Amino acid sequence: MNASREDTDPGRDDATPPNFIKELVEQDVAAGVRGGQVVTRFPPEPNGYLHIGHAKSICLNFGTAELGAPGRCNLRFDDTNPSTEDTSYVEAIQRDVRWLGFDWGARALYASDYFEQLYAWAIQLIEAGKAYVDSQSEEEIREGRGNFYKPGVESPHRGRSVEENLDLFARMRAGEFKDGEHVLRAKIDMQSKDVKLRDPLMYRIRHVAHHRTGDAWPIYPMYDWAHGQSDAIEGVTHSLCTLEFQNHRPLYDWFLGALGLDPRPRQIEFARLNLGFMVMSKRKLLQLVQQGHVSGWDDPRMPTLAGMRRRGFTPEAIRSFCERIGVAKRDGVVDISLLEHELREDLNARSPRAMAVLRPLKVVIENYPEDQEDWFDVPVHPEYPERGTRRVPLTRELYVERDDYMEDPPRKWFRLGPGREVRLRGACLITCREAVRRENGELVELRCTWDPASRGGAAPDGRKVKGTLHWVSARHAVDAEVRLYDRLFSVENPLAHDDRPFTDFLNPDSLEVLRGCKLEPGLKDATPGEPQQFERLGYFCADSVDSRADALVFNRTIALRDSWAKLAKKLGVGGAAKSGGKRKG
RNA sequence: UCCCGGAUCGUCUAAUGGUAGGACAGCAGAUUCUGGUUCUGCUUAUCGAGGUUCGAAUCCUUGUCCGGGAACCA
C-alpha cells in the first residue's frame, strides 16, 4: 500500500513544478517546431570538477530533453581553451554526471570535434566580408573597443581585402605566427551600443597542446564563435545557459545568421544556483584545492559532486533539491536548509540504523553480572519492520554519549543525571546511582543499576521513561575515527568583500576529527559510501578514501535535526547539546 | 553617462486580467523505545507613484533598487 514510498525515485518524479523554460519548450513541441524534437546539451569546460550548481544545469538540460518526442541531451565538453583544460577533468565530469543518474547516449561530444568545421565556416565569413584578420596588439584591440560610454574605433586592418585575410588566416593556422600576432575578428559594428558586438574575436593564436587534438592547431576558437555553431552542428534546439550569457545572445544569433544556418538553436538563459556560506566557481574551488585549504576536489566539505558523494549525499537527494529550487531568471541565494531537508528526507528513508558513541562516557551496571551478555534484536529501520533486525550485545560495561549526562540538569532534561532513569535503546532501563570523578573533577564513569524486568526496553509497570539513549557495549565496541563537517565558510557571501580574499572567511571549525569513537559491532562491515543513521546523531558513511577494515573512518553526512539543542538554547543551557548538536552546514 | 536582464512571505518558487498558492525556515501542539520520523495548526509577501479596467502581481507610463556586460576565459 505504501510501497510507492520506497520505490519512488524523487529525482525522476513526474510532478516537476512548472518553470518558464519547460513551458516554452512544451509550447514549441505542441506547435510542432522542429517536428516536436527537443535537443539540449550540458556543456562543461573540462577545467575543474562539477559542483552542485552544475547539478542544477544537468537536471534542467536532461529534464528538458525529456519533453521532446524524441528528446536528447548531449554531454559536450567545451574544450576551446587548452591552457586550462585536462583529460583528468573530462573523466571526473563524466563520472559525476553518470553518478547523478544521467545518460548522454553513445559517446561524449567535444567542441574540439568541430574545429575543422569551425575553420571552414570562418573562411566562409571571411569570403563574405564578415570577418577579418586584425594585427593590432592585445592592448590596442582593447583600447579600440571603447567602453560603455565611448563607441569603438575601427581597426586599421579592418579594410583588408578578402584575399589578404584568407592568406593571413591560412598562415595563422599553419603556425607561421607567434602567439598574439594576429587574431580573427568578426566584422560587425564598432559603433554598437552593445560592446560585445564591436568586432568580437573569433580566433586567437595559442601554441599550446590540446588535450585531444594535440599539436594539430595553433589557433583556437573563442567561446562565442564555437558555442552556437557547436549547438547547430548537434541539432540542439534549445541551448540553455546561465544569466551571464544574456549579453552574448545577440552575438550567438549574429554568427548563426551570418552563416545562414537553419534551423537555428535558440539560447535561453536561467539563473544559476547560489548557496550561502559557499563559493561556487570552479576558479575559486581550484584555488581552495591548490592552496591546500581542503584535501582535494573531493574533500567532503566541497560543494563538488565528488565531495558531496564522498560526504554521503545521494544523487536522489541532489536531484530532488534541484527540482525543488525551481528555474527562473531571478538571481538569488538558496538557503542551505532546503538542501539539508532534501538530504535528510532521502537519507531517513534509506538508511539502516545503528548505534555509535562519538564522545564515550563509561557506564558500569553494578547489578549486572560480569560474565553476563544479552543480545537484543533491534529494528534496522523503525518505519520499515520488513527490513529486519540486527543483534546488539549488552554487557556490564558500556559507553554512552558524554553529553547525555548532566550533573545539574535543567528542566525538561530527559537524559542521565543523578538518580535519573533512562532507557538504553532497544535494551533496558537503567538508573544513575553515582558519578565517579577524579580529584580534578573530571568525570570518569557512571555507576548505574538496571531493571532486569525492563529487558527489551519496555517499562514493566508502565512507568513513563522519556529519555532513550544510544549506547555500545564496551567489550564489543569497534573503534573508529569520525569526521564532523561544518560549513566551509563562516559568512554567507565570502566574495562580497572586495578588500579581502575570500579565503579570509574560511570557517576554522569546518572539520572536527573525533578519535576513539565506539561503534556497534555490525558497523565494522559498513560499505564505504553507504549511508547509515547513527541513532540520535545523524547520517554517516564510511569514508571511501581513508576507511580501512582495521582503521575505520566515518564521515558525518549531516546531523539529525536537534530540537533539544534549540530548547537548550532557549533555556540558556550551554554546551549540553554539543556532540550531536546540529551545526548548520 | 551606455547596453542587457531582474524585482511576489525570512529564503526559493507558483499564479499568464478573476480567491496571491506551495516548499523550506520559524512558532505552537499531537504521536513516538531516536528530543529523529510522522501528523495537525499558525505567522509572514506582490519595490514606489500614477494610469487602463467591473476587476491588476499580471497591461501602460514613470521612478527606485539589484544583477550582468568594456578577457586573445567559458
Side-chain angles (χ1 to χ4, degrees), chain A residues 17-20 23 43-45 47 78-81 83-85 134 137-138 141-142 145-152 179-180 182-185 192-198 201-206 219-220 222-224 226-227 241-250 269 271 273 276 282-283 324-342 344-345 348-349 353 355 378-379 381-383 412-415 422-427 429 456-459 465-470 533-538 559-568 577 580:
Chain A
N19 69 62
F20 77 99
E23 190 174 318
E45 182 187 12
N47 65 347
D78 228 333
D79 54 350
T80 58
N81 182 8
S83 29
T84 59
E85 297 158 5
D134 197 357
S137 70
E138 193 172 337
I141 290 177
R142 192 179 312 127
R145 185 149 32 224
N147 58 37
F148 300 149
Y149 323 114
K150 196 177 74 185
D179 288 9
H182 305 280
V183 294
L184 186 73
R185 297 178 76 173
S192 176
K193 288 184 168 183
D194 180 351
V195 184
K196 276 254 139 46
L197 258 21
R198 320 235 264 233
L201 269 58
M202 294 169 64
Y203 279 96
R204 75 287 216 188
I205 299 173
R206 275 268 225 280
I219 58 173
Y220 291 95
M222 302 289 291
Y223 167 85
D224 288 301
H227 202 91
C241 63
T242 44
L243 254 27
E244 65 268 31
F245 291 98
Q246 273 175 139
N247 298 305
H248 298 240
R249 183 160 19 97
E269 309 87 10
L273 167 66
K282 280 192 281 187
R283 218 186 101 66
R324 206 61 81 91
I325 57 177
V327 180
K329 298 194 79 148
R330 174 179 10 147
D331 213 356
V333 182
V334 175
D335 197 314
I336 281 281
S337 65
L338 187 47
L339 213 209
E340 295 181 337
H341 174 261
E342 298 298 333
R344 289 199 183 95
E345 186 167 81
N348 175 54
R353 314 281 128 130
M355 290 193 286
V378 186
H381 195 305
E383 291 164 58
K412 297 200 177 172
W413 173 263
F414 308 143
R415 284 115 95 144
V422 299
R423 175 169 25 246
L424 295 182
R425 174 78 161 152
L429 265 22
V465 178
K466 285 214 76 168
T468 298
L469 307 188
H470 58 282
Q533 185 193 99
F534 291 179
E535 288 195 274
R536 301 212 305 136
L537 295 178
L560 252 27
R561 288 172 61 111
D562 187 353
S563 57
W564 165 248
K566 269 188 226 168
L567 218 201

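As the structure is a computational prediction, the values presented were derived from the model and not from experiment. As a basis for the values below, the full set of heavy atoms in this structure was taken, side chains included, without hydrogen atoms, waters or symmetry mates.
- Not counting sequence neighbours, the partners of A/Lys329 by the salt bridge (charged side-chain N to carboxylate O under 4.0 Å, His left out) test are A/Glu269.
- Residue A/Arg353 contributes atom CZ, which lies 11 Å from atom P of B/U34 at whole-angstrom precision.
- Under the rule for a salt bridge (charged side-chain N to carboxylate O under 4.0 Å, His left out), A/Arg206 has no partner lying at least two apart in sequence or in another chain.
- In this model, no side-chain donor or acceptor of A/Glu383 finds a partner on the base of B/U38 within 3.5 Å.
- Taking the side chain to side chain contact (heavy atoms under 4.5 Å, CB included) definition, one finds that A/Leu201 meets it with A/Ile141, A/Arg145, A/Val183, A/Arg185, A/Met222, sequence neighbours left out.
- Atom CZ in A/Arg561 sits roughly 9 Å away from atom C1' in B/A25 (whole-Å rounding).
- Close to B/G36, at under 4.0 Å from its OP1 or OP2, lies a side-chain N or O of A/Ser563.
- Partners of A/Ser563 according to the side-chain hydrogen bond (donor to acceptor under 3.5 Å, both in side chains) rule, which considers only residues two or more places apart in sequence or in another chain, do not exist here.
- Paired regions of RNA chain B, where each region holds three or more successive Watson-Crick or G-U pairs whose two hydrogen-bonding distances fall under 3.5 Å, are B:2-7 with B:64-69, B:10-13 with B:21-24, B:26-30 with B:38-42, B:47-51 with B:59-63.
- For the pair A/Glu535 CD and B/U32 C1', the interatomic distance rounds to 13 Å; values are reported in whole Å.
- Contact annotation: the side chain of A/Arg536 never approaches that of A/Thr468 to less than 4.5 Å [non-hydrogen atoms, C-beta and beyond].
- Looking at residues two or more places apart in sequence or on another chain, you find no salt bridge (charged side-chain N to carboxylate O under 4.0 Å, His left out) involving A/Asp79.
- Applying the side-chain hydrogen bond (donor to acceptor under 3.5 Å, both in side chains) test to A/Asp331 and every residue at least two apart in sequence or in another chain returns A/Asn274.
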| task | Quick one, give me the B/S/- string for nucleotides 68-74 of chain B, reading 5' to 3', where B means a protein heavy atom under 4.0 Å from the base and S means that only happens at the primed atoms, P, OP1 or OP2. | result | BBBSBSB
| query | Using a cut-off of 4.0 Å between protein heavy atoms and nucleotide atoms, how would you tag nucleotides 14-23 of chain B 5' to 3' with B, S and -? | reply | SSB------S
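- In terms of polar N and O atoms assigned as donor or acceptor, the side chain of A/Arg415 comes within less than 3.5 Å of the base of B/G35 in a complementary pairing.
- Atom CG of A/Asn348 is separated from atom C1' of B/G35 by 15 Å (rounded to the nearest Å).
- Side-chain contact between A/His248 and A/His227 is absent, with no heavy-atom pair separated by less than 4.5 Å.
- Here A/Glu244 pairs with A/Thr242, A/Arg272 under the side chain to side chain contact (heavy atoms under 4.5 Å, CB included) rule; sequence neighbours left out.
- Applying the 4.0 Å criterion to OP1 and OP2 of B/U1, one finds that A/Lys150 has every side-chain N and O outside that range.
- Not a single side-chain hydrogen bond (donor to acceptor under 3.5 Å, both in side chains) links A/Glu85 to another residue, sequence neighbours left out.
- Taking A/Glu535 as the reference, A/Arg390, A/Arg425 meet the salt bridge (charged side-chain N to carboxylate O under 4.0 Å, His left out) condition, with sequence neighbours excluded.
- Atom CG in A/Asp562 sits about 10 Å away from atom P in B/U37, given to the nearest Å.
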